[in-house]
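Here the structure is a predicted model, which means the values were calculated and not measured. Letters A, B, ... mirror the listed sequences (proteins, then strands); counts begin at 1.
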Protein chains: 2
Amino acid sequence: MADRGRPRTFDREQALLRAMEIFWEKGFEGTSMVDLTTGMGIGAPSLYAAFGSKEELFRAAVALYVSTDGADIWGALAKAETAYGAIEAFLMESAQKFNRPDKPSGCLVVLSALHATDGNKALRAELVARRSKNTTNLAARLAKAVKNGELPPGTDVDRMARFYVTVQQGMSIQARDGADRMMLEEIARSALAAWGSLAPNGVRYVGASQPL
Amino acid sequence: MADRGRPRTFDREQALLRAMEIFWEKGFEGTSMVDLTTGMGIGAPSLYAAFGSKEELFRAAVALYVSTDGADIWGALAKAETAYGAIEAFLMESAQKFNRPDKPSGCLVVLSALHATDGNKALRAELVARRSKNTTNLAARLAKAVKNGELPPGTDVDRMARFYVTVQQGMSIQARDGADRMMLEEIARSALAAWGSLAPNGVRYVGASQPL
DNA sequence: ATTATTATATATCGATCATTACAGAAAAGG
DNA sequence: CCTTTTCTGTAATGATCGATATATAATAAT
């Protein structure tokens, strides 16, 4: 860290990556300091010197997750030209991320701190806020589509966003319970099948945002 | 329990009900013995004499949940005459159960043991099996509809079942994060909007199982 | 070379975890 | 009555929890 004194003998980024995977797999409360120090290959004092505490390490792990897999998912959404394509990319990219051979399944943010325990109040609040922001992000993309005329005026973008975020969150649980990528993609496509009905003027709204 | 000896001074059923609510709120790993004994109003030896261990108490709590709220949800599904009505009842009953002022939000079975930790392997396997059985149950209802001619032959009932179970599981997370009943019902209706597209011969299949 | 600074390894801290020994209390059977 | 049986309250068990004190090792500055 500093330019003086004994240099650190481990790679902070790589240690954080391992910590992220351990928290992702076992959850915050299910992960012990022994799990972390063993998995990261460092001693407890090194962990505390580099990350502050178990809780702060978890925060750093979440931040890393958001800046990698999270960025990929939201990047896929941003790259799509139509609103339908954006939601489709959001769900399909999620399906790909949620089941990989070398990574824990599902989403770290979605699966963390779903229960309010004695010691996780602050952490849980932060994760609830992150999950809530996902809905806001989706709604913002849909609102843009309404402004563009791609979706009919009066479309309940918040409701639509909540629906698709709910599906993605359910996909995390499905992935945890063993659903493979094909199954997750089928779930995504099933949710997208509702697209035409979620606009107020019924199906067949004339615009760019259509399934096909 | 027995007919001789000092009689039990607490109501076993009521104590189990309290234990269920505590596990439901805080999760298995997030619940301590002190939480349980305090909340149930009994001492640790009484708890062990009546329920065996913390893990067996959790099993009993899950069984109670399944036989009460769970039975209501699946009862609503069974009562419906059409397949569409059955899925609608399943989701709407879930929406009602998932947000009540006096009960923890979401579903005990869906939210429990999503992470694999060191000591919860057996418990997690049981919960994964219970969640999997939900999909099987939904698929069986849809298969009946195919046999009845209510849904077109070749309908992928497993895929449909996985989709609607995924939505219900996502609704548990949404409820945990503060979604009220109206929001949950909107999510349910959004998912049902996909109904017509999930049959193989496209929308407008002639049969009883239609949204309207 | 000496000092200052920082990281590491070992060992340990008090707190809390789930579980249980133990002794006394409350019932039924004799 | 007394014995047997079962439950209750208190206190303690060993294990594990997250977090640190301490001593030593490794670097830069002087």
Side-chain angles (χ1 to χ4, degrees), chain A residues 1-16 18-20 22-23 25-62 112-113 115-124, chain B residues 1-16 18-19 22-23 25-61 112-113 115-124:
Chain A
M1 189 74 190
D3 51 342
R4 283 198 300 189
R6 180 173 176 175
R8 182 177 285 141
T9 59
F10 64 94
D11 184 335
R12 192 185 190 276
E13 290 300 305
Q14 189 173 343
L16 177 56
R18 286 290 301 128
M20 180 189 73
I22 297 167
F23 278 132
E25 178 72 33
K26 306 182 131 187
F28 176 71
E29 331 228 28
T31 300
S32 70
M33 282 298 302
V34 174
D35 292 330
L36 290 169
T37 54
T38 302
M40 300 165 78
I42 64 177
S46 298
L47 189 155
Y48 279 84
F51 300 102
S53 68
K54 184 191 172 190
E55 181 168 336
E56 291 184 44
L57 175 58
F58 183 82
R59 284 196 178 89
V62 170
S112 292
H115 295 100
T117 65
D118 291 340
N120 77 349
K121 195 177 174 187
L123 218 48
R124 170 166 155 76
Chain B
M1 192 68 192
D3 51 343
R4 284 197 299 189
R6 179 175 177 172
R8 184 178 285 141
T9 58
F10 63 94
D11 185 335
R12 192 186 189 276
E13 289 301 306
Q14 189 172 344
L16 178 56
R18 285 289 302 127
I22 297 167
F23 279 132
E25 178 71 32
K26 304 181 135 190
F28 176 70
E29 330 229 28
T31 300
S32 70
M33 283 299 301
V34 174
D35 291 331
L36 291 169
T37 54
T38 302
M40 300 165 79
I42 63 177
S46 298
L47 189 155
Y48 278 84
F51 300 102
S53 68
K54 183 192 171 189
E55 180 168 337
E56 292 184 41
L57 175 59
F58 182 82
R59 283 196 179 88
S112 292
H115 294 100
T117 65
D118 292 338
N120 77 349
K121 194 177 174 185
L123 219 48
R124 170 166 156 77

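- Note on B:Ala49: nothing from the nucleic acid sits closer than 4.0 angstrom, heavy atoms only.
- Considering only heavy atoms from C-beta on, A:Phe51 comes within 4.5 Å of A:Arg12 through its side chain.
- Among the protein residues, B:Thr37 comes within range of no part of the nucleic acid, since none of its heavy atoms lies under 4.0 Å from any strand.
- Between A:Thr9 and the phosphate of C:dA7, there is no side-chain N or O to OP1/OP2 separation shorter than 4.0 Å.
- Atom pair A:Phe28:CZ and D:dC17:P shows a separation of 13 Å (rounding to whole Å applied).
- Residue order along DNA chain D, read from the 5' end via each residue's closest nucleotide, puts B:Gly5 first among B:Gly5 and B:Ile42.
- If you take CG of A:Asp35 and P of D:dA19, they are 14 Å apart, rounded to a whole angstrom.
- Side-chain nitrogen and oxygen atoms of B:Ser46 include at least one within less than 4.0 Å of the OP1 or OP2 phosphate oxygen of D:dT8.
- Contacts of B:Pro45 with the nucleic acid, taken as non-hydrogen atoms under 4.0 Å apart, include base atoms.
- In this structure, A:Leu36 atom CG and D:dC17 atom C1' are separated by 12 Å, rounded to whole Å.
- Toward the 5' end of DNA chain D, the nearer of the two residues B:Asp118 and B:Ala44, judged by each one's closest nucleotide, is B:Ala44.
- Listed for the A:Thr37 side chain is a donor-acceptor partner under 3.5 Å among the backbone atoms of A:Val34.
- Here the side chains of B:Asp11 and B:Leu16 are not in contact, with every heavy-atom distance at 4.5 Å or above.
- Of the candidates C:dT8, C:dC17, D:dT8, the closest approach to any side-chain atom of B:Val34 belongs to C:dC17.
- Nearest-nucleotide assignment on DNA chain C puts the 5′-proximal partner with B:Ser53, out of B:Pro7 and B:Ser53.
- Look at CZ on B:Arg8: it is 12 Å from C1' on D:dT8, rounded to the nearest Å.
- In this structure, the CG atom of B:Asp3 is 15 Å from the P atom of C:dA27, given to the nearest Å.
- A:Asp118 places a side-chain heavy atom less than 4.5 Å from the side chain of B:Asp35.
- The backbone N or O of B:Phe28 lies less than 3.5 Å from a partner atom in the side chain of B:Lys54, making a donor-acceptor pair.
- In this structure, the CG atom of A:Asn120 is 14 Å from the P atom of D:dG18, given to the nearest Å.
- Rounded to a whole Å, the NZ atom of A:Lys54 is 14 Å from the P atom of D:dT20.
- Residue A:Ala50 is classed as having no contact, given no heavy-atom separation below 4.0 Å to the nucleic acid.
- Side-chain atoms of B:Arg4 stay outside donor-acceptor range of the base of C:dA27, with no qualifying N/O pair under 3.5 Å.
- As rounded to whole Å, 14 Å separates atom C1' of C:dC13 from atom CE of A:Met33.
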